[in-house]
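As the structure lists them, so they are numbered: ligands from 1, and atoms in each ligand from 1.
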Amino acid sequence: MDRVTRATVVKLGGSAITDKKVAFSYRERVVRALGKAMASSGLPIGLVHGGGSFGHTEARKHGLSSSRSSPSFKGVSETRRAMLELDAKVCASLSAVGLHPYPFSPFTLLDREEGGRSFIERLLTAGMMPVTFGDVVHDGKGFRILSGDTICVELAELLSSPCCVFSIDKDGLLDEKGAVIKVLGERSAEKVSPLRGGSTRADATGGIALKVSEAMRMASTGTEVRLVSGLRPAEFSKALNGMEFHGTTVEVPHGVSSG
Ligand code: IP8
């Protein structure tokens, strides 16, 4: 079998795979539908999922965020437990539709020299789907939340990904009037309404602002970034397969990043 060195990165947004208004609510049907679309694409995929009503519920309860080091060790354990619980559900749903998820902590990616890359490449070459998630990490000073959006950038770079698809709970990035922004360019980031793009105030991470800046960062390194509703599997499938889709494409000239 040929060694897989380039793979598509997919983010299953927490706002799509859970109901953020209801703590610990999991959308099994949504994950299965997205899983079926990924299976039928036949693409090698590195998967990242967000925290949704699992990780963000605990993180907020215990005052953890992406910017602050937290003294709440209980909060660290509880948030991590919630993420592992969600990850087990996601992997079970993916297995149920014929995929072969291999869950791992994003820590593995921190060894970015050969270690991280060859680990992921070996999994992909063997026909497994590497699955990781937003997590609680120790950054040397204390614990903080590492968003799945940031992990997507790392993973796309590691895998020289041609494309990254973010599934969210809206039809793409929306402007102030609620209309879908079809193409988000380097100068149009301010068009995005902060409250209209798949993240909510329930986020312990950077919400939509972080998503936009990470998408820009990724696009500037040559990865095509597509944002699509995870609640519309047919559109998700089109976005994944490089077809015209209803959603947002982020286009930034190579080497330029507003993030
Ligand atoms: O939902 C956050 O990941 P995100 C993960 O991708 C935790 O920002 C632990 C809340």
Side-chain angles (χ1 to χ4, degrees), residues 9-27 30-31 34 46-70 72-91 103-110 130-139 142-156 164-170 173 192 194-195 197-218 225 227-231 259:
V9 171
V10 170
K11 165 92 189 279
L12 297 184
S15 60
I17 64 170
T18 74
D19 179 349
K20 279 193 162 178
K21 293 192 282 304
V22 183
F24 304 105
S25 55
Y26 176 62
R27 290 181 171 150
V30 170
V31 180
L34 299 177
L47 192 82
V48 181
H49 66 79
S53 66
F54 286 69
H56 288 283
T57 299
E58 289 297 338
R60 270 175 44 101
K61 182 163 130 199
H62 296 281
L64 269 76
S65 79
S66 51
S67 52
R68 210 174 320 132
S69 298
S70 169
S72 169
F73 300 121
K74 182 166 187 270
V76 170
S77 298
E78 297 288 295
T79 305
R80 192 124 218 281
R81 193 159 62 89
M83 285 311 298
L84 292 172
E85 203 182 306
L86 176 59
D87 187 59
K89 288 182 188 296
V90 169
C91 289
F104 66 95
S105 162
F107 275 118
T108 316
L109 297 176
L110 296 180
V131 176
T132 193
F133 45 85
D135 205 351
V136 189
V137 296
H138 196 288
D139 62 8
F143 288 100
R144 66 184 180 85
I145 305 291
L146 176 63
S147 170
D149 295 340
T150 303
I151 297 166
C152 285
V153 183
E154 300 288 324
L155 197 55
C164 174
V165 178
F166 283 91
S167 64
I168 57 179
D169 67 339
K170 304 283 192 307
L173 296 173
V192 180
L195 300 177
S199 301
T200 67
R201 284 167 201 273
D203 272 358
T205 47
I208 195 62
L210 177 73
K211 195 175 295 297
V212 170
S213 76
E214 295 302 45
M216 293 267 183
R217 192 152 72 93
M218 205 184 304
V225 181
L227 293 102
V228 64
S229 173
L231 308 176

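For H49, no nitrogen or oxygen atom sits less than 3.5 Å from a nitrogen or oxygen atom of ligand 1, counting backbone and side chain alike. Of the N or O atoms in L146, none lie within a sub-3.5 Å distance of an N or O in ligand 1.
Annotation: side chain of C91 is in contact with side chain of D87 (closest heavy-atom distance under 4.5 Å). Inter-residue side-chain proximity for I168 and V228 is flagged as unmet; no heavy-atom pair is nearer than 4.5 Å. The shortest side-chain heavy-atom distance between M83 and V136 does not fall under the 4.5 Å cut-off. Under the 4.5 Å side-chain criterion, counting only non-hydrogen atoms from C-beta, S66 is not in contact with S147.
No donor-acceptor pair closer than 3.5 Å links the side chain of T79 to the backbone N or O of V76.
Ligand 1 places these atoms under 4.0 Å from at least one heavy atom of S147: 3 (O), 4 (P), 6 (O), 8 (O). When each atom of ligand 1 is checked for a heavy atom of G55 under 4.0 Å away, the hits are 10 (C). Set against the non-hydrogen atoms of K11, the atoms of ligand 1 under 4.0 Å away are 6 (O). Heavy-atom proximity to G51, at under 4.0 Å, picks out these atoms of ligand 1: 1 (O), 3 (O), 4 (P). Every atom of ligand 1 is numbered from 1 in the order shown, and the set under 4.0 Å from a heavy atom of G50 is 1 (O), 4 (P), 6 (O). Atom numbering of ligand 1 starts at 1 in the shown order; those under 4.0 Å from a heavy atom of T79 are 9 (C). Residue contact check: I145 has heavy atoms under 4.0 Å from atoms 2 (C), 5 (C), 7 (C), 9 (C), 10 (C) of ligand 1.
Nearest-residue assignment for atom 2 (C) of ligand 1 (options H56, K20, R80, K211; heavy-atom criterion): H56.
Here NE2 of H56 is found 4.5 Å from NZ of K20. Values are rounded to the nearest 0.5 Å. To the nearest 0.5 Å, atoms CG (L84) and CZ (F54) are separated by 12.0 Å.
Screening R217, M218, K211, E214 against C152 for a side chain to side chain contact (heavy atoms under 4.5 Å, CB included) leaves a single residue, M218.
If you look at L210 next to ligand 1, there are no close heavy atoms at all, none under 4.0 Å. Of all the heavy atoms of M83, the ones lying under 4.0 Å from any atom of ligand 1 belong exclusively to the side chain.
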